[in-house]
Amino acid sequence: MEDNKAKTGTSETGGTPERKNFVHEIVEEDLKSKRYDSVHTRFPPEPNGYLHIGHAKSICLNFGIAKDYKGLANLRFDDTNPTKEDVEYVDSIKTDIRWLGFDWDDREFYASDYFEKLYEYAAVLIRKGKAYVDNLNADQIREYRGTLTEPGKESPYRSRSVEENLDLFERMKKGEFPDGSKTLRAKIDMSSPNINLRDPVMYRILHATHHRTGDKWCIYPMYDWAHGQSDSIEGITHSICTLEFEDHRPLYNWFVEQLGIHHPRQIEFARLNLTYTVMSKRRLLQLVQEKHVDGWDDPRMPTLSGLRRRGYTPESIRLFADRIGVSKADSVIDVSVLEDCLRLDLNKRAMRAMAVLRPLKLVIDNYPDDKVEELAAVNNPENETMGTRTVPFSKVLYIEQDDFRENPPKKFFRLSPGSEVRLRYAYIIKCAGVEKDEKTGEVTEVHCTYDPDTRSGLPASQRKVKGTIHWVSASRAIDVEARLYDRLFTVEDPSGENWKSFINPNSLEVVKNCKAEPGLANVKPQDRFQFERLGYYCVDNDFKPGEPVFNRAVTLRDTWAKIEKR
RNA sequence: UGGGGCGUAGCCAAGUGGUAAGGCAGCGGCCUUUGGAGCCGCCAUUCGCAGGUUCGAGUCCUGCCGCCCCAGCCA
């Protein structure tokens, strides 16, 4: 794993956040008014899936706020539903957060750490007459709840005595009752306009094995009961969550007030949506299970593991989180914002290399047959300290098929019969003719002459030439595979029930036998390069020795493609 | 037709009574041994709509309209 510690959360420079949002303002007010004297946040994932870019927004916010205000951020797994959770997910979540550049030190917690405490708290509420054991089944509870416009009605079991409730609750814990036969409910207000306050279920009976507590428990706290108290127990000051929990807040407040324990402030923000993808864990799971993608880390997935494999850097994702801001308005971010963040980062850092995706043979007729020159190429024109390397040049080269047109359209600056072009870091060449396949008429070979005086660095190389193209020596090139990714969906907003009909059937194009400069023979997974004039590519973690696989993370901006489209 | 939120450019988003930041996208141009990168310019007489208060309103008040969330023993 690379060293990529985030210097600060929301800003990369340290000190107060570069860019403030309404959450920062609330935190600052709370500090100023002494409501809290320090800041303590937490990132609370449920280990039932892999983290995605939307979680990254939350991670950057929570860990960022902690850093910006010299506080702490915890990692807490909200593991209250053993039927959906798994250690595979907790491991991946930890890996992804660290990769993103954040650290929770020894503050790795689990809601399940608090099961005992939560049980005691529940008993406190029962003793206060604020909670009761209900015998209604799930369907009945639904019926009794009422609707959005009609109040609910009270359960016939609502007025049991404290003693009976205590006894029943203990026996629920002991496993005397089957799943679904009883619940513990808060006694609040069945006619509240806020449905969350209509005697919410606190515990359900679930004879299931938990990934951490095993078979110790057969009653499990509901999220609404566990979450606020977990925050309280950890001394969380600012409990940052997404908008849909806004009307749960009165319930969370009610619990901590009834219990008389530390009261965090909950702040809600809008979750991230991105164009051309889906973000719900349920749908991502479906893509994986139904094999629409290769797994959670498929480079087309918006998961952090997918983005990582695709070639995204932690820095680019943090920059993205910073750029999109935090607000309460529902929004959909154009995926081009994300892509731009990656280009910006990699442009400054990635090694350049020459690779030809779809090779076309080019013969330099007046170049000596067996001569090979090692020509100097700049590793990164944006960063001199990255130095230079050497690239072999010879009589027979490969160039990109797209870089030659027998009948060039207007403004085509590349190679065509009679035209002149610069071979990057090499010579200026002129096209003398082509060879074609007799049957198909397809151009199979391009013939050129070169001007020996125009080798890069020589005075005559200063000559202005319309275009510069990349190339690779045919005899010295290595074969590589390129995986070209496109958006996973064909429409900006693939929501709705028929979302799967928008899956892009062409989201992956595998191109084998690409030709690359020999220096690329010894790459390691996760190495990132800019293939000049093409895009940023990242070495996949799965390839046979000798033929590296490169994932295209993002293309370079292609103004020619735009011109040609018109 | 209950409750909770949200409406500033194509997409995000600043703005906290003093005359609409910034980014992405788009469009022009400069520059260029990556049609890359970079640079310059253009892109909201107006902030969902309508009234009102004020010398002055995106900001305050009133009314309306639109969108999102909530009726799991999911989180």
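This structure is a prediction, so every number in the text was calculated from the model and none was measured. Below, chain A is the first sequence line, B the second, and so on; all start at residue 1.
A:N62 and A:S58 share a side-chain donor-acceptor pair at under 3.5 Å. Between the side chains of A:D345 and A:Y312, no donor N or O sits under 3.5 Å from an acceptor N or O. Of the N and O atoms on the side chains of A:D96 and A:Y50, not one donor lies less than 3.5 Å from an acceptor on the other residue.
Remark: P of B:rG36 and CG of A:D340 are 14 Å apart, rounded to the nearest angstrom. Between the NZ atom of A:K466 and the C1' atom of B:rU34 there is a distance of 17 Å, given to the nearest Å. A:R249 places its CZ atom 13 Å from the C1' atom of B:rG3, with the value rounded to the nearest Å. When rounded to the nearest whole Å, the span between CG of A:N380 and C1' of B:rU33 equals 15 Å. To the nearest angstrom, P of B:rG23 lies 19 Å from CG of A:D345. Regarding A:D402, its CG atom lies at a distance of 19 Å from the P atom of B:rU34, rounded to whole Å. In this structure, A:I563 places its CD1 atom 14 Å from C1' of B:rG26, rounding to the nearest Å. In this structure, the CD1 atom of A:I324 is 16 Å from the C1' atom of B:rA25, given to the nearest Å.
Nearest nucleotide to the A:R424 side chain, out of B:rG35, B:rA37, B:rU33: B:rU33. Listed candidates were B:rC12, B:rG36, B:rG2. Nearest to the side chain of A:V332 is B:rC12. Residue A:N21 places its side chain closer to B:rA14 than to any other of B:rG36, B:rU33, B:rA14. Proximity note for A:S327 (side chain, C-beta onward) versus B:rU1, B:rU16, B:rA13: the nearest is B:rA13. Relative to the side chain of A:A329, the nucleotides B:rG15, B:rC27, B:rA13 differ in distance, and B:rA13 lies closest.
Ring centers of A:Y537 and A:F529: at least 6.0 Å apart, outside the cut-off. Aromatic rings from A:Y114 and A:Y119 are positioned such that their centres are separated by 6.0 Å or more. Taking the centre of each ring, A:Y276 and A:F489 stay at or above the 6.0 Å mark.
B:rC67 and B:rG29 have their C1' atoms separated by 40 Å, with the value rounded to a whole Å. One C1' atom belongs to B:rC49, the other to B:rC43, and the distance between them is 25 Å to the nearest Å. B:rG18 and B:rU59 have their P atoms separated by 12 Å, given to the nearest Å. The same atom, C1', is picked in B:rG66 and in B:rG48; the two are 7 Å apart, to the nearest Å. Of the C1' atoms belonging to B:rG15 and B:rC47, the separation is 10 Å, rounded to the nearest Å. Look at the P atom in both B:rG26 and B:rG10: the space between them is 15 Å, to the nearest Å. Comparing the same atom, P, in B:rC55 and in B:rC27 gives a spacing of 48 Å after rounding to whole Å. Look at the C1' atom in both B:rA44 and B:rU8: the space between them is 8 Å, to the nearest Å.
Across all strands, A:V326 comes closer than 4.0 Å only to sugar-phosphate atoms, never to a base (heavy-atom distances). Heavy atoms of A:Q462 sit nowhere under 4.0 angstrom from any nucleic acid atom. Within the nucleic acid shown, A:S331 comes within 4.0 Å of sugar-phosphate atoms alone, with no base atom in reach, counting heavy atoms only. Heavy atoms of A:F412 sit under 4.0 angstrom from at least one base atom. Residue A:Y425 is in base contact, counting any heavy-atom pair closer than 4.0 Å across all strands shown. If you check every strand for non-hydrogen atoms under 4.0 Å, A:G457 touches a base. Residue contacts shown for A:K348 are absent, as no nucleic acid heavy atom lies under 4.0 Å away. In this structure, A:P381 reaches the bases: a heavy-atom distance under 4.0 Å links it to at least one base atom across the strands shown. Across all strands shown, A:R323 has heavy atoms under 4.0 Å from sugar-phosphate atoms exclusively, and none from any base.
Both distances falling under 3.5 Å, in either a Watson-Crick or a G-U wobble arrangement, occur for no nucleotide opposite B:rU1. Summarising the base pairing, B:rC64 is matched to B:rG48 through a Watson-Crick or G-U wobble pair whose two defining distances lie under 3.5 Å. B:rG72: no Watson-Crick or G-U partner with both key distances under 3.5 Å is found in any strand. As the counterpart of B:rC55, B:rG18 is assigned, both hydrogen-bonding distances of the Watson-Crick or G-U wobble pattern falling under 3.5 Å. Using N1 to N3 plus N6-O4 or O6-N4 for Watson-Crick, or N1-O2 and O6-N3 for G-U wobble, each under 3.5 Å, B:rG38 pairs with B:rC30.
For B:rG58, the base adopts the anti conformation, since its glycosidic angle falls more than 90 degrees from zero.
Nucleotides of RNA chain B nearest to A:E382 and A:K57 differ in position, and the one nearer the 5' end is that of A:K57.
If you take CD1 on A:I399 and CZ on A:R414, they are separated by 10.0 Å, rounding to the nearest 0.5 Å.
In this structure, the ring-ring contact (aromatic ring centres under 6.0 Å, His included) partners of A:F393, at least two apart in sequence or on a different chain, are A:Y367, A:Y427, A:W471.
Counting only residues at least two apart or on different chains, the side chain to side chain donor-acceptor pair (under 3.5 Å) pairs with a member in residues 170-179 of chain A are A:D167-A:R171, A:E170-A:K174, A:R171-A:E176.
In this model, a side-chain donor or acceptor of A:Q530 finds a partner on the base of B:rU34 within 3.5 Å. Not a single donor-acceptor contact under 3.5 angstrom links the side-chain atoms of A:T468 to the base of B:rU34. Side-chain atoms of A:E246 stay outside donor-acceptor range of the base of B:rG3, with no qualifying N/O pair under 3.5 Å.
The aromatic rings of A:H55 and A:H52 sit tilted, their planes meeting at an angle between 30° and 60°.
The phosphate of B:rU33 has neither OP1 nor OP2 within less than 4.0 Å of any side-chain N or O from A:R463. Proximity of A:K328 to the phosphate of B:rG4: no side-chain N or O atom is located under 4.0 Å from OP1 or OP2.
With respect to A:E143 and A:K153, no salt bridge is recorded, no charged nitrogen being found less than 4.0 Å from a carboxylate O.
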**OP:** Report, as a single string ordered 5' to 3', how protein heavy atoms within less than 4.0 Å touch nucleotides 68-75 of chain B: B base, S sugar-phosphate only, - not at all.
**Re:** SBBBSBSB
